Trainee: 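Sharing a structure here in structure tokens format.
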Amino acid sequence: MTIRRVTFYILLILGVLAFGCKRTDLTPAYVQITAADINNCMDVSNFNETHSTAYDAEQLASLQKHNFTHCNVYVNNKNLGCWQVPCKVPVLDVNDEDSVTLVILPSFRMTGMDNTVTGYPFINTLKQKVLLKKGQTYHVSENPLSYVYSPYSSFPFFETFANTSPFSPTDTLTSSLTFTPKIVEGRTAGEIVLNDANGLLFDVTSSTFAAPTRNYYVFLEVTYKTENNLEIGVKLSTAVRPNEVHQVGGIYTSNGEWKTIYFNLGNTIYANNYDGSDWANVNLVLTGAGQKGCDTRYYIDDIKVVYIPRA
């Protein structure tokens with residue numbers, strides 16, 4: 001075979017390879033999501049009608065407040081992962097001529113015994129048709145998110161401390177203190193002040209509420225401002241072990257800030273449901289301590305228990 005013929009075949013092969021290869025454009029589009037986008041997105045205007053409740057304006061405002069720190073992002077039913085906000089999510093599978101279906105699920109870091117990021121399951125799934133273009137950024141604020149609570153969600157324990165407190169001392173021989181409603185920095189909150197005169201310990205138990213024991217999501221949400229650690233537990237009012245308190249988790253001092261925290265009550269209730277029933281009577285138990293020679297303040301703005309059937 002002559003050199004000329006070898007060169008011809010080499011050029012032919014290279015030509016076929018070049019013709020058969022298509023350059024893939026890997027330029028992504030981006031979805032920009034801020035904390036405000038996923039925390040100012042609850043529509044409760046029809047909550048009373050859809051849930052057969054009679055919550056007042058303050059309670060409805062409480063239902064709008066959350067501390068979502070993450071979000072799960074889906075484009076055309078493809079899971080793009082869980083992102084901490086603010087975030088800029090790259091989307092590769094984009095056709096500049098077509099809209100995509102965008103789903104953003106608010107999420108948060110569960111605390112206490114469980115330390116995972118969890119999607120908030122008590123709201124509807126919101127699907128939006130949006131146009132994404134390669135190399136450009138779509139800001140979620142352009143089409144603000146608007147979620148409503150699922151009609152299957154229920155709040156068996158819900159307190160804003162507007163007028164009364166559902167808590168009472170667990171054992172008056174140990175401490176007679178309990179949360180007192182008070183206006184704190186423009187909020188209605190429950191207050192306990194520990195000092196040498198009032199005492200350096202409190203242990204309070206909530207009124208009783210009914211919660212499902214299996215096949216439900218059951219979360220506790222607490223908005224608080226504390227100057228020392230707060231321990232949270234639950235008591236299942238059963239004949240088998242009527243006074244046994246099961247720890248859910250703890251809250252560290254909030255360092256002068258109002259914070260919101262979430263706990264998974266479902267796992268604790270399920271694990272300690274000794275009589276095997278589908279529902280249990282439950283009490284929240286809160287405990288805190290102070291220091292000699294100074295005031296130690298505990299404030300709770302809102303405290304909510306919410307449940308919904310698992311899909």
Side-chain angles (χ1 to χ4, degrees), residues 33 35-80 82-83 85 101-112 114 116-130 140 143-160 209-223 234 248 260-270 278-280 282 284 302-311:
I33 309 167
D37 291 329
I38 63 171
N39 280 291
N40 299 316
C41 59
M42 295 302 304
D43 179 4
V44 296
S45 57
N46 293 315
F47 185 91
N48 283 332
E49 289 77 4
T50 57
H51 291 76
S52 299
T53 54
Y55 290 149
D56 60 27
E58 184 168 350
Q59 291 171 313
L60 292 175
S62 174
L63 292 177
Q64 291 180 298
K65 294 186 293 185
H66 292 283
N67 183 32
F68 299 133
T69 55
H70 296 70
C71 60
N72 287 282
V73 180
Y74 302 83
V75 171
N76 291 338
N77 295 320
K78 182 179 181 180
N79 186 356
L80 300 187
C82 182
W83 299 77
V85 293
T101 301
L102 175 65
V103 174
I104 297 174
L105 178 62
S107 307
F108 56 90
R109 186 173 296 282
M110 191 75 75
T111 50
D114 187 4
T116 58
V117 175
T118 302
Y120 194 68
F122 307 102
I123 56 178
N124 68 316
T125 299
L126 176 64
K127 295 183 178 181
Q128 293 180 312
K129 280 289 188 179
V130 302
V140 170
N143 293 296
L145 302 172
S146 181
Y147 296 98
V148 297
Y149 283 95
S150 165
Y152 302 105
S153 61
S154 181
F155 291 82
F157 186 87
F158 181 16
E159 183 58 50
T160 62
F209 59 92
T213 59
R214 56 172 68 89
N215 299 324
Y216 278 76
Y217 294 105
V218 188
F219 290 173
L220 167 65
E221 178 183 331
V222 184
T223 300
V234 294
V248 174
T260 300
I261 196 167
Y262 297 85
F263 298 92
N264 185 344
L265 289 190
N267 289 345
T268 302
I269 293 173
Y270 174 78
D278 292 332
W279 292 82
V282 180
L284 300 177
D302 298 317
I303 185 165
K304 294 173 280 191
V305 174
V306 55
Y307 63 74
I308 194 172
R310 292 179 180 267

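The first residue in the sequence is number 1, and the count goes up from there. In this text, all values refer to a predicted model and were calculated from it rather than measured experimentally.
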Trainee: So, do L284 and V234 sit near enough that their side-chain heavy atoms are less than 4.5 Å apart?
Mentor: yes
Trainee: How long is the gap from OG on S154 to OH on Y307, to the nearest 0.5 Å?
Mentor: 3.5 Å
Trainee: Would you check if the side chain of N76 reaches a backbone N or O of T101 as a donor-acceptor pair within less than 3.5 Å?
Mentor: yes
Trainee: Roughly how far apart are C82 SG and R109 CZ, rounded to 0.5 Å?
Mentor: 8.5 Å
Trainee: Between G119 and S107, which heavy-atom pair has the shortest distance, and what is it?
Mentor: CA-OG, 3.4 Å
Trainee: Quick check: do L126 and I104 have side-chain heavy atoms less than 4.5 Å from each other?
Mentor: no
Trainee: Hey, could you give me each pair passing salt bridge (charged side-chain N to carboxylate O under 4.0 Å, His left out) that has a residue in residues 60-78? Not counting sequence neighbours.
Mentor: K65-D301, K65-D302
Trainee: Quick test of your reading: applying side chain to side chain donor-acceptor pair (under 3.5 Å), list the pairs with at least one residue in residues 39-51, sequence neighbours left out, ordered by first then second residue.
Mentor: D43-S45, N48-T53, H51-S153
Trainee: Would you say the side-chain atoms of T111 pair up with the backbone N or O of Y262, donor to acceptor, closer than 3.5 Å?
Mentor: yes
Trainee: Is there a side-chain contact between L63 and F155 in this structure, where contact means two heavy atoms from C-beta onward sitting under 4.5 Å apart?
Mentor: yes
Trainee: Once rounded to the nearest 0.5 Å, what's the spacing between atom OG of S62 and atom CZ of F158?
Mentor: 4.0 Å
Trainee: How long is the span from the CG atom in D278 to the CG atom in N215, to the nearest 0.5 Å?
Mentor: 8.5 Å
Trainee: Q128 side chain to L102 main-chain N or O, any donor-acceptor pair under 3.5 Å?
Mentor: no
Trainee: Roughly how far, to the nearest 0.5 Å, is NE2 of H66 from OG1 of T223?
Mentor: 9.5 Å
Trainee: Got a sec, which residues hit ring pair (Phe, Tyr, Trp, His ring centres under 6.0 Å) with Y147, two or more places apart in sequence or on another chain?
Mentor: none
Trainee: Taking the side chain as everything from C-beta on, heavy atoms only, tell me whether Y74 gets closer than 4.5 Å to K127.
Mentor: no
